[in-house]
Amino acid sequence: MKVLVLNGPNLGTLGRREPEVYGHRTLADLETLLAGRARGLSIELLCLQSNHEGQLIDWIEKEGAQSDAIIINPGALSHSSLALADALRGSGKPVVEVHISNVFAREPERHRMVTAAAAKALISGLGFEGYLAALNFLATLPG
Ligand code: DQA
């Protein structure tokens, strides 16, 4: 199984960005953690991060087509991007959307979930553990 892991805007600054919300660990720490779990589950991973909506859509089109499933944290695009939701839906692949923080415990603007409507599942508030839970879940899907 091959899984595409996408992180959207501002997730490249994890560790420095609002550590009281997102913690002190970096995106590189997250990707190392995921690589370890993926090895144990015999999953091949491709991890990519971009601050740009169009780049994320291009990766969903190109890399998503070569993958069996997608894990995505779209950052703030989660609350607004119909284009990203359309790309995820169009991929035809099982998608798990992950948020480090519990968006429903935050400002009302973050309660509007646009891209999650295109996902099979939504995990919010488990910190980095949410990405691991997503991988564990995807590993249970029939190949
Ligand atoms: C986030 C939550 C979003 O509301 C926010 O814009 C982010 C990070 C999270 O992982 O908790 O950039 O997606």
Side-chain angles (χ1 to χ4, degrees), residues 1-41 43-141:
M1 176 178 242
K2 185 170 173 188
V3 175
L4 174 64
V5 180
L6 293 177
N7 279 292
N10 299 307
L11 291 158
T13 56
L14 281 174
R16 284 185 277 139
R17 172 196 183 197
E18 298 181 88
E20 66 288 358
V21 178
Y22 301 111
H24 291 275
R25 288 181 293 175
T26 65
L27 181 63
D29 294 335
L30 172 62
E31 292 181 353
T32 302
L33 193 67
L34 282 173
R37 177 65 57 92
R39 250 193 316 277
L41 293 168
I43 289 176
E44 189 186 332
L45 275 192
L46 176 62
C47 296
L48 299 167
Q49 188 273 331
S50 177
N51 293 329
H52 305 282
E53 183 181 37
Q55 176 66 85
L56 293 166
I57 292 169
D58 285 348
W59 282 333
I60 291 166
E61 283 182 7
K62 295 196 187 79
E63 305 300 342
Q66 319 290 324
S67 306
D68 300 298
I70 299 172
I71 296 173
I72 185 166
N73 182 345
L77 292 172
S78 314
H79 314 301
S80 65
S81 179
L82 268 182
L84 198 50
D86 284 347
L88 291 169
R89 228 177 253 116
S91 76
K93 303 294 161 89
V95 174
V96 180
E97 180 167 314
V98 174
H99 295 279
I100 294 166
S101 64
N102 176 359
V103 290
F104 296 103
R106 301 181 64 192
E107 309 95 296
E109 308 85 84
R110 292 183 205 277
H111 300 179
R112 179 164 179 257
M113 302 301 276
V114 175
T115 52
K120 191 172 180 66
L122 169 66
I123 299 170
S124 186
L126 295 184
F128 282 12
E129 200 60 39
Y131 293 81
L132 296 175
L135 262 190
N136 286 343
F137 165 70
L138 292 172
T140 69
L141 295 181

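Just so you know, these numbers use all the heavy atoms, side chains as well, and skip hydrogens, waters and symmetry mates. Quick caveat, the model's predicted, so the values are computed rather than measured. Numbering of ligands and ligand atoms starts at 1, following listing order.
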Exercise for review: Could you label the plane-to-plane angle of the His99 and His79 rings as parallel, tilted or perpendicular, counting under 30° as parallel and over 60° as perpendicular?
Suggested key: parallel

Point to revise | side chain to side chain donor-acceptor pair (under 3.5 Å) between Asn51 and Gln49, intermediate numbers included | key: CA-CA 7 Å; Asn51 293 329; Gln49 188 273 331; 3.0 Å; yes

Point to revise | Over all atoms of both residues, closest heavy-atom pair of Ser101 and Val21 | key: CB-CG1, 3.9 Å

Check your understanding: Does a side chain donor of either Tyr22 or Asn10 reach within less than 3.5 Å of an acceptor in the other side chain?
Key -> no

To which protein heavy atom is [atom] closest, and what is the distance rounded to 0.1 Å?
atom: atom 5 (C) of ligand 1; answer: Arg110 NH1, 3.3 Å
atom: atom 12 (O) of ligand 1; answer: Arg17 NH2, 2.9 Å
atom: atom 8 (C) of ligand 1; answer: Tyr22 OH, 3.3 Å
atom: atom 9 (C) of ligand 1; answer: Ile100 N, 3.4 Å

Practice item. Report yes if the side chains of Leu56 and Pro74 come closer than 4.5 Å at any heavy-atom pair, otherwise no. Key: no

Practice item. For the residue pair Tyr131 and Ile100, establish whether any side-chain heavy-atom pair is separated by less than 4.5 Å. Key: yes

Review point. Atom CD of Glu129 and atom CD1 of Ile123: how far apart are they, to the nearest 0.5 Å?
Key: 10.0 Å

Check your understanding: Looking only at heavy atoms, is any part of Glu109 under 4.0 Å from ligand 1, and if so is it the side chain, the backbone, or both, or is it neither?
Key -> neither

Check your understanding: Where do Ser81 and Val114 land on the side chain to side chain contact (heavy atoms under 4.5 Å, CB included) test, with the steps shown first?
Key -> CA-CA 6 Å; Ser81 179; Val114 175; 5.7 Å; no

Residue [X] vicinity, atoms of ligand 1 by number, heavy atom under 4.0 Å:
X: Ser101; answer: 2 (C), 9 (C), 11 (O)
X: Val103; answer: 2 (C), 4 (O)
X: His79; answer: 3 (C), 4 (O)

Nitrogen or oxygen of [X] less than 3.5 angstrom from that of ligand 1:
X: Asn73; value: yes
X: Leu11; value: no
X: His99; value: yes

Exercise for review: Could you establish whether Glu107 and ligand 1 come within less than 4.0 Å of each other, counting only heavy atoms on the residue side?
Suggested key: no

